[in-house]
Chemist: 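Let me give you the structure first, and then I'll get to my questions.
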Amino acid sequence: SRHFRLYETLRDAVTLPQQLKAHGYFTTGLGKIFHTARGTVDGPLARDWADARNSWSQWVNHPIGCSGGQPGKYSPPHGGLMQFGPSRLKLEESADWLAADFAARLLEHGAATTRIPARRGDRAVQQTVRFPGDRPFFLGCGLFRPHLPFHAPRAFFEKFPTDEMTGLTRESLEAIIADLDDLPPGARRFSDYDGGKMRTVMEHARRIGGREAEVPAWRAVVQAYLACVSFADACIGRLLEGLDRSPWRDNTVLVLWSDHGYHLGAKYHIAKQALWEEANRVTLIIRDPRQPGAVNGRPRRQIVGLNDLYPTLCELAGVPLPSTFQTGRSLVPLLNDPDAPEIHDAVLMTYQPGNHSLRTPDRRFMRYRDGSLELYDMIGDPRQLTNLASRPGAAAEVNRFTTLLDERVRGEVLPATTGQSRAARRSPAD
């Protein structure tokens, strides 16, 4: 991976916090927002992963995640990041919780100090952030979990006993393998059946316990992922507690999202790196306390994209879009009116050059670099078990989607996705 500004097309990109900063906002953040959690305002650009010199009034190099992991029985010893098992740390000792606690204290008191542990021979340092009283703020807090490796405090593993995972059986594992039969070559290479994280886990399971160990290993992966999600929920809870106790609770827009979805076995695949629904559907919650009854907490059943968050937050904050902004649409109409019309008829996703997917309200269409096609009915077949692309009578629909995909690929700029949790505040005078 490279710093995004080292790419010619993104060298002069204006990030969301950068745009807010340019229009009077105090921007501060910590955690996994731009790939890694460390940044610097001096030294080589390649080391400024957080874009501290451009995007933030003050960036906090806070540790993230949950270290002290103890790989479990089914965790492959040579699986790289594909490691999972309980941490030796308690919740209050874990970096993600401490990052959320720092953000919460900043909201509660308008200022907070954190002690940054020593790193690579440097001395430990303290860093203080203080909100200026005369400016609105933007606070970004990125949680690392549930990113691999799947380590979380033991208490969260205990919430998900594997012997209660009755849906994960030999029969369901065989059904997943059988589901690969109608995948074209371009799609199959994104399954782990011929190599990848799921295959790594299954091969390790067979080495230590034969074929009978495959299902227990699968359950162990799912348990670890759920434990990490529950751990992240606890961290988010601490941040929300801080906002609720803060003097800005009634004029702070809160947005919660993740940067990608996750496979836990579907298509014989673990992780992201795919164009199927599991890897591309994410949590997205937006709360504007200035209009608490606008949609009364009801979910909107519409397709939107993460690119839409940039114009949405700019509109909510009263900040114009950069002149170079080319993609995404504001979701404010959906926040204000539960009966507002759809924002998008289709959303484009891309993974690696030449591999694209279109999601409409009722279909997912994929075209891969080698020309392979997939088409799924997301209403009648939400698990994407039946590829309709080569079925009799599908030619007209495939041609329609092919034309639409070509139009979107030519017309869309695809910026990098960012971070997991954001808060932006407008001052009462705005």
Side-chain angles (χ1 to χ4, degrees), residues 16-17 20 25-33 57-58 60 62 64 66 90-114 128-146 152-153 155-156 159 228-258 282-300 309 312-313 316-318 331-332 334-336 419-430:
L16 174 60
L20 293 171
Y25 272 71
F26 175 81
T27 60
T28 187
L30 68 164
K32 183 175 170 58
I33 293 180
S57 306
Q58 188 173 355
V60 181
H62 198 289
I64 55 174
C66 181
K90 296 179 180 179
L91 170 65
E92 295 78 8
E93 301 169 332
S94 302
D96 269 349
W97 192 91
L98 291 171
D101 179 66
F102 175 84
R105 288 185 287 113
L106 182 56
L107 290 166
E108 289 167 349
H109 308 295
T113 299
T114 184
T128 298
V129 176
R130 187 179 305 276
F131 287 147
D134 60 345
R135 297 164 61 190
F137 66 76
F138 174 89
L139 168 64
C141 182
L143 301 178
F144 191 74
R145 294 292 178 262
F156 295 100
K159 291 184 176 184
C228 289
V229 169
S230 185
F231 166 57
D233 284 347
C235 298
I236 293 169
R238 173 64 186 110
L239 197 155
L240 294 178
E241 178 185 65
L243 177 59
D244 193 53
R245 292 174 177 175
S246 81
W248 303 291
R249 58 172 292 180
D250 295 327
N251 67 346
T252 300
V253 174
L254 180 72
V255 184
L256 171 68
W257 82 85
S258 74
V282 303
T283 296
L284 175 58
I285 301 172
I286 304 175
R287 177 181 180 268
D288 184 349
R290 298 167 300 179
Q291 296 180 293
V295 295
N296 199 28
R298 285 180 288 170
R300 293 305 310 264
L309 290 175
T312 300
L313 285 179
L316 291 173
L331 304 179
V332 170
L334 300 184
L335 304 180
N336 295 337
Q420 285 115 320
S421 177
R422 308 287 192 274
R425 178 178 69 90
R426 292 181 66 184
S427 67
D430 285 345

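Values in this document were obtained by computation on a predicted structure and should not be read as measured data.
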Chemist: Which distance, rounded to the nearest 0.5 Å, do you find between the CD1 of I64 and the NZ of K32?
Modeler: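 Spacing of CD1 (I64) from NZ (K32) equals 6.5 Å.
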Chemist: Taking all atoms of both residues into account, what is the closest heavy-atom pair of A317 and Y25, and its distance?
Modeler: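 For A317 versus Y25, the nearest heavy atoms are CB-OH, 3.1 Å.
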Chemist: Which heavy atom of R290 sits nearest a heavy atom of V253, and at what distance?
Modeler: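 R290 and V253 have their closest heavy atoms at NH2-CG2, 3.7 Å.
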Chemist: Supply the atom-to-atom distance C235 SG to D101 CG, rounded to the nearest 0.5 angstrom.
Modeler: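 The distance works out to 10.0 Å.
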Chemist: After noting the C-alpha distance and the side-chain angles of D233 and F156, does the key distance pass the side chain to side chain contact (heavy atoms under 4.5 Å, CB included) rule?
Modeler: CA-CA 10 Å; D233 284 347; F156 295 100; over 6 Å; no
Chemist: To the nearest 0.5 Å, what is the distance between NE2 (H109) and CZ (R130)?
Modeler: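 Answer for the NE2-CZ pair, H109 versus R130, is 12.0 Å.
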Chemist: Could you tell me how the ring of F131 sits relative to the ring of F26: parallel (under 30°), tilted (30 to 60°) or perpendicular (over 60°)?
Modeler: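 It falls in the perpendicular class, over 60°.
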Chemist: If I compare all heavy atoms of A152 with all of C66, which pair ends up nearest, and what's the gap?
Modeler: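 Looks like CA-SG, 3.8 Å.
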Chemist: Within the structure provided, determine whether L107 and L239 are in side-chain contact (heavy-atom separation under 4.5 Å).
Modeler: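 Yes, close enough: below the 4.5 Å cut-off.
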Chemist: Once you round to the nearest 0.5 Å, how far does CD of E108 lie from CG of D244?
Modeler: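 Output value for this atom pair is 9.5 Å.
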Chemist: What's the spacing between D96 CG and R238 CZ if we round to 0.5 Å?
Modeler: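 D96 CG to R238 CZ: 14.5 Å, rounded to 0.5 Å.
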Chemist: Just so I know, are the side chains of L284 and L309 near enough to count as touching, which here means a heavy-atom distance under 4.5 Å?
Modeler: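 Side chain of L284 against side chain of L309, heavy atoms only: contact under 4.5 Å found.
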Chemist: Decide yes or no on side chain to side chain contact (heavy atoms under 4.5 Å, CB included) for L143 and I236, but give the supporting numbers first.
Modeler: CA-CA 9 Å; L143 301 178; I236 293 169; 3.6 Å; yes
Chemist: Does any non-hydrogen side-chain atom of L240 lie less than 4.5 Å from one of L254?
Modeler: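 They are in side-chain contact.
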Chemist: Taking Q58's backbone N and O only, do any of them form a donor-acceptor pair with T28's side chain (distance below 3.5 Å, no angle check)?
Modeler: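 It does hold such a pair.
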Chemist: What closest approach, in Å, do R249 and P289 show between heavy atoms, and which atom pair accounts for it?
Modeler: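 Smallest interatomic distance, heavy atoms only, reads O-CG, 3.6 Å.
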Chemist: Find the distance between CG (L335) and CD1 (I286) and round it off to the nearest 0.5 Å.
Modeler: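 It comes to 5.0 Å.
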Chemist: Check for a donor-acceptor pair, side chain of T128 on one end and backbone N or O of T113 on the other, with a separation under 3.5 Å.
Modeler: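 No.
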Chemist: On a heavy-atom basis, which atom in A112 and which in L106 lie closest, and how many Å separate them?
Modeler: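 Taking every non-hydrogen atom into account, CB-N, 3.7 Å.
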Chemist: Please give me the minimum heavy-atom distance between H62 and L30, naming the atom from each residue.
Modeler: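 Nearest pair, atom of H62 first, then L30: CB-CD1, 3.7 Å.
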